[in-house]
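Let me begin by presenting the structure, written as structure tokens, before commenting on it.
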Amino acid sequence: MVNHVWGLLVHPSQEMKQIKSESESIPHFYTHHVLLMAAIPVICAFIGTTRVGWNFGEGQVIKISPLTAFYAAVIFYVMILAAVALMGRVIYWMARRYESRPSWQSCTLFAGYAATPMFLSGIVAVYPLLWLCLFAGIVGLCYAGYLMYIGIPTFLNIDRSEGFIFSSSTLAIGVLVLELLLGFTVLLWGYGVRLI
């Protein structure tokens with residue numbers, strides 16, 4: 001798992017080919033990659049919201065009780081896992097119009113590995129400063145878009161010339177899913193703040 005993460009950051013094109021050649025099953029993929037990587041933003045956000053608190057400037061810091069943060073973390077974690085599966089389904093649905101007809105398994109693997117930078121950007125939630133989290137999220141999103149673009153020919157056997165349009169469309173849907181996920185999480189945190 002760590003080798004793939006490092007490879008996706010250092011030499012993503014080669015790593016995508018390596019991942020594709022392994023023909024990983026969905027259960028193996030979830031247990032060795034997604035379950036672990038999705039825990040990064042969840043654990044970091046739990047620590048940040050209970051120990052440090054959200055800093056909105058002007059000395060205003062908002063913390064959440066550990067019990068409330070735990071419930072929010074569990075829901076957030078399940079939603080991240082579901083979002084990876086949903087994006088795999090979206091990619092599969094969008095790829096139907098191409099001759100290569102990639103499998104649902106390949107599309108889900110592609111979605112999960114392309115989301116790796118987003119998982120890693122969650123590390124900054126340990127110190128939940130609004131501008132820092134926003135900056136890290138944008139960097140993670142941009143690199144995830146790059147991974148999608150370079151991974152499309154490898155994973156989905158779609159020509160690189162058409163890959164830009166495909167990756168752009170997929171990234172737009174992914175941003176929408178991310179916004180819904182974050183919006184729901186903010187609602188959970190807001191509910192948790194009222195409980196304190």
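- Between atom OG1 of residue Thr68 and atom NZ of residue Lys63 there is a gap of 14.5 Å, rounded to the nearest 0.5 Å.
- Between Ile150 atom CD1 and Leu8 atom CG the span is 8.0 Å, to the nearest 0.5 Å.
- Val5 is listed as a side-chain neighbour of Leu120, based on a closest heavy-atom distance under 4.5 Å.
- Atom-to-atom distance recorded for Leu67:CG and Thr50:OG1 is 11.5 Å, nearest 0.5 angstrom.
- A search for ring pair (Phe, Tyr, Trp, His ring centres under 6.0 Å) contacts involving Tyr77 returns nothing, not counting sequence neighbours.
- The stretch residues 8-19 participates, sequence neighbours left out, in these side chain to side chain donor-acceptor pair (under 3.5 Å) pairs: His4-Glu15, His11-Gln14, Gln18-Glu22.
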Next item on the list: For side chain to side chain contact (heavy atoms under 4.5 Å, CB included), just list the numbers for Phe166 and Tyr98, CA-CA rounded to whole Å, side-chain angles, deciding distance to a tenth of an Å, and then say yes or no.
Entry: CA-CA 10 Å; Phe166 188 90; Tyr98 295 96; 3.5 Å; yes

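- When the side-chain hydrogen bond (donor to acceptor under 3.5 Å, both in side chains) test is applied to Gln105, no partner is found at least two apart in sequence or on another chain.
- By the side-chain hydrogen bond (donor to acceptor under 3.5 Å, both in side chains) test, Thr154 pairs with no residue at all, sequence neighbours left out.
- Between Gly88 and Cys107, the shortest heavy-atom contact is O-CB, 3.4 Å.
- Taking every heavy atom of both residues into account, Gly112 and Val84 meet most closely at CA-CG1, 3.8 Å.
- Every ring pair (Phe, Tyr, Trp, His ring centres under 6.0 Å) that Tyr146 has, sequence neighbours left out, goes to Tyr143.
- The side chain to side chain donor-acceptor pair (under 3.5 Å) pairs that include a residue from residues 119-141 number zero, where partners must be two or more places apart or lie in different chains.
- Ring centers of Phe29 and Tyr113: under 6.0 Å apart, within the cut-off.
- Looking at heavy atoms from C-beta onward, Leu147 lies in side-chain contact with Met16 at the 4.5 angstrom threshold.
- Evaluation of the side-chain hydrogen bond (donor to acceptor under 3.5 Å, both in side chains) rule for Thr116 yields His33 as partners, not counting sequence neighbours.
- With sequence neighbours excluded, the residues that form a ring pair (Phe, Tyr, Trp, His ring centres under 6.0 Å) with Phe110 are Phe155.
- Annotation: ring pair (Phe, Tyr, Trp, His ring centres under 6.0 Å) contacts of Tyr30 (sequence neighbours excluded): none.
- In terms of heavy-atom proximity, Pro128 sits nearest to Gly48 at CG-O, 3.5 Å.
- Between Thr49 and Ala69 the shortest heavy-atom distance is OG1-CB, 4.1 Å.
- With sequence neighbours left out, Ser103 forms a side-chain hydrogen bond (donor to acceptor under 3.5 Å, both in side chains) with Ser106.
- Ser167 is linked by a side-chain contact (heavy atoms from CB on, under 4.5 Å) to Met148, Tyr149, Ile152, counting only residues two or more places apart in sequence or in another chain.
- If you take CE on Met87 and CG on Leu176, they are separated by 9.0 Å, rounding to the nearest 0.5 Å.
- Judged by distance alone, with hydrogens and angles left aside, the side-chain atoms of His32 form a donor-acceptor pair with the main-chain N or O of His28 at under 3.5 Å.
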Item checked: Verdict with supporting geometry, Leu180 and Met79, side chain to side chain contact (heavy atoms under 4.5 Å, CB included) -> CA-CA 10 Å; Leu180 291 172; Met79 288 173 44; over 6 Å; no

Next item on the list: Go through Phe119 and Leu36 one step at a time and tell me if the side chain to side chain contact (heavy atoms under 4.5 Å, CB included) criterion holds.
Entry: CA-CA 10 Å; Phe119 296 140; Leu36 299 172; over 6 Å; no

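- Contact between Gly122 and Pro41 at its shortest, heavy atoms only, is CA-CB, 3.8 Å.
- Residues Val52 and Leu134 do not share a hydrophobic cluster, defined by chaining ILVMFWY side chains whose heavy atoms lie under 4.5 Å apart.
- In the hydrophobic clustering of this structure, Leu35 groups with Ile19; members are Ile, Leu, Val, Met, Phe, Trp, Tyr whose side-chain heavy atoms approach within less than 4.5 Å, directly or through other members.
- Val175 and Ile173 fall within a single hydrophobic cluster, where Ile, Leu, Val, Met, Phe, Trp and Tyr are joined by side-chain heavy atoms under 4.5 Å apart, directly or via other members.
- Atoms CD1 and CD1, from Ile43 and Ile123 in turn, are 11.0 Å apart once rounded to the nearest 0.5 Å.
- For the atom pair Cys133 SG and Ile138 CD1, the distance stands at 11.5 Å (nearest 0.5 Å).
- Using modelled atom types, one side-chain atom of Arg96 and one backbone atom of Trp93 make a donor-acceptor pair closer than 3.5 Å.
- Annotation for Val139: hydrophobic cluster partners, listed by chain and number, are Phe135 (ILVMFWY side-chain heavy atoms under 4.5 Å, direct or chained).
- Residues Pro153 and Ile158 form no side-chain contact, since every pair of their non-hydrogen atoms from C-beta on lies 4.5 Å or further apart.
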Checklist line | Stepwise side chain to side chain contact (heavy atoms under 4.5 Å, CB included) check, Leu141 with Leu171 | finding: CA-CA 9 Å; Leu141 187 63; Leu171 188 62; 4.0 Å; yes

